Amino acid sequence: MRLLSAEALVLDVVDLQERDRIATFLTREYGKKRGVAQGARRKYSRFAGQLQPLAKVQLEWFEKDNRDLARLRDVSLIRPAHKLQADLEGNLLGSYLADHMLEFAQEGESSENLYRLLDTSIESLLSGADRDLVARYFEVWVLRLQGIFPAPRDCPICGRAFSGLGDRGRPGALLPNDGDALICLDCAGGEGARGSTVGTEVLEFLRRTGREGIAQLAETATREGTLREVEGLTAKLRRRFLGHELRSYDVIRQAQRTAGPA
């Protein structure tokens, strides 16, 4: 048995029997982990109020070889996330961010980039950043960090930059129905090619995410229509890679349909 310690972001907390809880958390050094907090459901437990979804904590835990579950020894709250969970929209968005890490982060493997992305996104949301913008930035970067969807600069077929296709080039790009890389409309065979057409504003947003942080992105207004296109594009790529959709995303869409237009 070994004792480990790390800063962590809590992804999920579920009850176990009558007294305990299981927490899933993300660390820089060890990736995704699951551990039992014994007695966490007791009124005076040392874990009480500390294991909050999306909270940043300092954790200590014991691990044994060939055991899936660790045993949590101690937890100290660094940054609560209850401000984000004060309303339904914030709760759903928080679950959506966590679900990405539950799917994409690997257990036992260093997750420095994913940890930093989630940490920065949560911090931005708690600071009052636009939720829609943060969600789109987060989606793009999760795919990028998995090597699924690099920043679109050049057409992989003809090698020309999307932003400078020349006199014959048409603006925009296409995501083929059977591919995961954007190609220019000329190489796709024109406007009638099968796939999802990506406009110049979406291309620019995707490029900006590669060189700017959330605060810089927020300095220039992005049309809601552009954000919706980015959302649809990343959702399509995510489903292709995972083979299914995130449950939390389906819940968000259902809540939006129920609420109707603002």
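All values below come from the heavy atoms of this structure, side chains included, with hydrogens, waters and symmetry mates left out. This is a predicted model, so every value here is computed, not measured.
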Heavy atoms only: give me the nearest Lys33-Glu63 pair and the separation to one decimal. NZ-OE2, 2.8 Å

Give a yes or no answer on whether the side chain of Glu7 reaches the backbone of Ile78 with a donor-acceptor pair at less than 3.5 Å. no

Applying side chain to side chain contact (heavy atoms under 4.5 Å, CB included) to Phe47 and Arg21, what does each step give before you reach the verdict? CA-CA 10 Å; Phe47 299 113; Arg21 286 195 167 101; over 6 Å; no

Heavy-atom pair of closest approach, residues Gln216 and Arg208: O-NH2, 3.4 Å

When you group the ILVMFWY residues by side-chain heavy-atom contacts below 4.5 Å and let the links chain together, are Leu54 and Ile22 in the same group? no

Whether Arg247 and Asp99 form a salt bridge (side-chain N of Lys/Arg under 4.0 Å from carboxylate O of Asp/Glu) is what I want to check. no

Under-4.0 Å salt bridge between Asp15 and Arg41: yes

Arg239 to Tyr249 six-membered ring, cation-pi geometry met (6.0 Å, 45°): no

Please examine the side chains of Glu139 and Tyr96, heavy atoms only from C-beta on, and report whether any two atoms are closer than 4.5 Å. yes

Which atoms form the tightest heavy-atom contact between Ala129 and Ile214, and what is the distance? CB-CG2, 4.4 Å

What pair of heavy atoms forms the shortest contact from Leu3 to Arg73, and how long is it? CD2-NH1, 3.3 Å

Do Glu201 and Val230 have side-chain heavy atoms sitting under 4.5 Å apart? no

Cluster question for you: counting only ILVMFWY and a side-chain heavy-atom cut-off of under 4.5 Å, with indirect links fine, are Leu117 and Phe25 together? no

Can you label the angle between the Phe241 ring and the Phe104 ring as parallel, tilted or perpendicular, going by 30° and 60°? parallel

Could you go step by step and tell me if Trp61 and Val75 meet the side chain to side chain contact (heavy atoms under 4.5 Å, CB included) rule? CA-CA 9 Å; Trp61 68 94; Val75 56; over 6 Å; no

I'd like to know if Lys56 and Glu123 make a salt bridge, using a cut-off of under 4.0 Å between side-chain N and carboxylate O. no

Could you state the interatomic distance from CZ (Arg28) to CZ (Arg116), rounded to the nearest 0.5 Å? 8.5 Å

When you measure from the side chain of Lys32 to the backbone N and O of Ala105, does any donor-acceptor pair fall under 3.5 Å? yes

When clusters are formed by joining ILVMFWY residues with side-chain heavy atoms under 4.5 Å apart, either directly or through shared neighbours, do Phe149 and Val202 land in the same one? yes

Please report the interatomic distance CZ(Arg257) to CD1(Ile252), rounded to the nearest 0.5 Å. 11.5 Å

Between the NE2 atom in His100 and the CG atom in Leu11, the distance rounded to the nearest 0.5 Å is 12.5 Å

When rounded to the nearest 0.5 angstrom, what is the spacing between CG in Leu237 and CG in Leu143? 6.0 Å

Scan side-chain atoms only and decide if Thr222 and Arg136 contain a donor-acceptor pair under the 3.5 Å cut-off. no

State, with a plain yes or no, whether a side-chain heavy atom of Leu59 is found less than 4.5 Å away from one of Thr27. no

Check: Glu204 and Thr220 side chains under 4.5 Å, non-hydrogen atoms: no

No-hydrogen, no-angle side-chain donor-acceptor test under 3.5 Å, Ser111 and Gln106: no

Kindly determine whether Leu93 and Val134 satisfy side chain to side chain contact (heavy atoms under 4.5 Å, CB included), including the steps that lead there. CA-CA 10 Å; Leu93 177 55; Val134 173; 5.8 Å; no

Side-chain ion pair, Arg34 and Asp12, N-O less than 4.0 Å: no

Can any side-chain N or O of Asp20 pair as donor or acceptor with the backbone N or O of Gly39 at less than 3.5 Å? yes

If you round to the nearest 0.5 Å, how far is CG of Leu206 from CD of Glu229? 10.0 Å

With sequence neighbours excluded, residues passing side-chain hydrogen bond (donor to acceptor under 3.5 Å, both in side chains) with Ser95: none

Write down the atom of Ala40, the atom of Ser45, and the distance for their closest heavy-atom approach. CA-OG, 3.4 Å

Quick check on the hydrophobic clustering: are Leu102 and Leu92 connected, directly or via other members, by side-chain heavy-atom contacts under 4.5 Å? yes

Treat each ILVMFWY residue as a node, draw an edge where side-chain heavy atoms are under 4.5 Å apart, and state whether Trp141 and Ile148 are in one component. yes

Neighbour count >12 (heavy atoms, 6.0 Å) for atom CZ, Arg67: no

Partners passing side-chain contact (heavy atoms from CB on, under 4.5 Å) against Asp87 (at least two apart in sequence or in another chain): Glu89, Arg131

Closest approach of Leu77 to Val57 (non-hydrogen atoms, all atoms of both residues): CD1-CG1, 3.9 Å

Pair Phe138, Leu125 - check side chain to side chain contact (heavy atoms under 4.5 Å, CB included), show working. CA-CA 11 Å; Phe138 181 86; Leu125 291 168; over 6 Å; no

When rounded to the nearest 0.5 angstrom, what is the spacing between CD in Gln146 and CZ in Arg238? 12.5 Å

Are Ile122 and Arg79 side-chain neighbours, meaning at least one heavy-atom pair lies under 4.5 Å? yes

Is the backbone of Asp65 close enough, under 3.5 Å, to the side chain of Arg2 for a donor and an acceptor to pair up by distance? no

